[in-house]
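If you scroll down you'll find the structure; I have some questions about it.
One-based numbering, in listed order, for ligands and for the atoms of each.
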Amino acid sequence: MLVIVKDSYDEISREAAQIVEDRLRRKPNLVLGLATGSTPLGLYRELIRMHKEEGLDFSRVTTFNLDEYVGLRPGHDQSYHYFMRENLFKHINIPEGQTHVPDGMAGDIDAFCDWYEAEIAKRGGIDVQILGIGANGHIAFNEPGSSLGSRTRVKTLTDMTRVDNARFFATATDVPKYAITMGVGTIMEAKELILLANGAGKADAIRAAVEGPLTCQCPASVVQLHRKTFVIVTRDSASALNGRYPGTWKSSISLER
Ligand code: GLP
């Protein structure tokens, strides 16, 4: 695990984008795991810029998103389908058929989850997985208490997560109660993880993830077991950490060698 602390949100976004760019230039058919939430928006903006200004090519990339609310149609403006289309997919040259977001309207959710796992496996697994973190230490929608070996499935959202995400909905009661999410075990199989955090509101969660005990009470703490994880955080998100971590890691993009 490599923890990188930066002064600003723009810098964590750029650092993450540079890693993705490097991996994509080395492997044009990269399998990219994507996250929603406000945190990865800067990374997506930077990837769009790289595509438009520097010709970064997504034509052979396949993407798998971490999660989706159960019961929201892809056209719903709070669905993660909509989020990804608006904030990334429509701005880059990725064919729609190569993008995957869990289907919150699936009739047989269990069968869908098995299919999603099989699709990831068919492509050789996820090369780089982007992650945000919930204030309660969740990754994707793996809430505290999630099994560390879990696979893609339905999870009940905690009240805290529903309150945190209520800011995007008209009222708190509009926030769905359930979500389909990749499991912690699914996420851990990605070859590389990039965990991003921005703002003081994530400081406790980042401390628990990076320096706390490995526990299902903080699902993000599993990153401690992963062999190639970048934790890229702003100084305020890092403010509760005891360890000393680099502000830059110039050779970070070649870590996989
Ligand atoms: C949601 C998503 C997570 C995300 C989290 C944090 O719950 N399911 O994948 O990491 O929100 O969101 P934000 O980046 O807006 O703080």
Task: Identified side-chain hydrogen bond (donor to acceptor under 3.5 Å, both in side chains) counterpart of Arg153 within the set Asp110, Asn142, Thr186 - done: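 The side-chain hydrogen bond (donor to acceptor under 3.5 Å, both in side chains) with Arg153 is passed solely by Asn142 among Asp110, Asn142, Thr186.
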
- [ ] Enumerate the atoms of ligand 1 whose separation from the nearest heavy atom of Phe141 is less than 4.0 angstrom.
- [x] 1 (C), 7 (O), 8 (N)

Open item on the list: With a 3.5 Å distance limit and no angle check, can you tell me whether Asp127 reaches the backbone of Leu30 through a side-chain donor-acceptor pair?
Closed with: no

Task: Nearest candidate to atom 11 (O) of ligand 1, where distance is taken over non-hydrogen atoms, out of Glu143, Met182, His138 - done: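 Checking each option, the heavy atom nearest atom 11 (O) of ligand 1 is found in His138.
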
Task: Option with minimal heavy-atom separation from atom 2 (C) of ligand 1, where the choices are Phe168, Phe83, Tyr80 - done: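 Shortest heavy-atom distance from atom 2 (C) of ligand 1: Tyr80.
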
Task: Ser38, portion touching ligand 1 at heavy-atom distance under 4.0 Å - done: both

- [ ] Would you kindly confirm whether Ile133 and Val163 end up in one hydrophobic cluster when ILVMFWY residues are joined by side chain heavy atoms under 4.5 Å apart?
- [x]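 In one cluster: no.
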
Task: Nearest-contact summary for atom 16 (O) of ligand 1 - protein heavy atom, Å - done: Lys202 NZ, 2.6 Å

- [ ] Report, in ascending order of atom number, the atoms of ligand 1 lying under 4.0 Å from any heavy atom of Gly132.
- [x] 10 (O)

TODO: Check ligand 1 against Arg167 and write out every atom of the ligand that is under 4.0 Å from a heavy-atom position of the residue.
DONE: 15 (O)

TODO: For atom 12 (O) of ligand 1, find the nearest protein heavy atom and state the residue, atom name and distance (0.1 Å precision).
DONE: Gly37 CA, 3.9 Å

Task: Protein contact of atom 8 (N) of ligand 1 - nearest heavy atom, named by residue and atom, plus distance - done: Asp67 OD2, 2.8 Å

TODO: With rounding to the nearest 0.5 Å, note down the distance linking CH2 in Trp115 to CD1 in Ile120.
DONE: 9.5 Å

- [ ] Could you tell me which atoms of ligand 1, counted from 1 in the order shown, lie closer than 4.0 angstrom to a heavy atom of Asn165?
- [x] 1 (C), 7 (O)

Task: Heavy-atom side-chain proximity of Leu195 to Phe230 below 4.5 angstrom - done: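 The answer is no, as the side chains (C-beta and beyond) never meet within the 4.5 Å cut-off.
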
Open item on the list: Starting from atom 3 (C) of ligand 1, what is the nearest protein heavy atom, named by residue and atom, and what distance separates them?
Closed with: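 Among all protein heavy atoms, the one nearest atom 3 (C) of ligand 1 is Ala140 O, 3.6 Å.
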
Open item on the list: Under 3.5 Å between any N/O of Thr161 and any N/O of ligand 1: does that happen in this structure?
Closed with: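 No; the residue has no nitrogen or oxygen that sits under 3.5 Å from a nitrogen or oxygen of the ligand.
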
Task: Minimum heavy-atom distance Gln129-Leu34, with the two atoms named - done: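 So the two residues come closest at NE2-N, 3.5 Å.
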
Open item on the list: As a quick check of understanding, evaluate salt bridge (charged side-chain N to carboxylate O under 4.0 Å, His left out) for Arg14 and Asp10, giving each step before the final call.
Closed with: CA-CA 6 Å; Arg14 265 200 308 275; Asp10 282 353; 5.0 Å; no

TODO: Starting from atom 6 (C) of ligand 1, find the nearest protein heavy-atom neighbour and note its residue, name and distance.
DONE: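 Here the nearest protein heavy atom works out to Ile133 O, 3.6 Å.
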
- [ ] Compare all side-chain heavy atoms of Asn165 with those of Phe141 and state whether any distance is below 4.5 angstrom.
- [x]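 Yes, at least one pair of side-chain atoms sits under 4.5 Å.
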
Task: Shortest protein contact, atom 4 (C) of ligand 1 (heavy atom only) - done: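 Checking every protein heavy atom, the shortest distance to atom 4 (C) of ligand 1 gives Thr36 O, 4.0 Å.
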
Task: Note, Asp103 side chain near Glu68 side chain (heavy atom, < 4.5 Å) - done: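 No - every pair of side-chain heavy atoms lies 4.5 Å or more apart.
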
Task: Structural part of Lys155 in contact with ligand 1, heavy atom criterion under 4.0 angstrom - done: neither

Open item on the list: Working note: Glu192 + Arg227, criterion salt bridge (charged side-chain N to carboxylate O under 4.0 Å, His left out); need CA distance, chi angles, decisive distance, verdict.
Closed with: CA-CA 8 Å; Glu192 291 184 283; Arg227 291 187 61 192; over 6 Å; no

Open item on the list: How far is atom 14 (O) of ligand 1 from the closest protein heavy atom, and which atom is that?
Closed with: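 Protein heavy atom with the smallest distance to atom 14 (O) of ligand 1: Thr39 OG1, 2.5 Å.
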
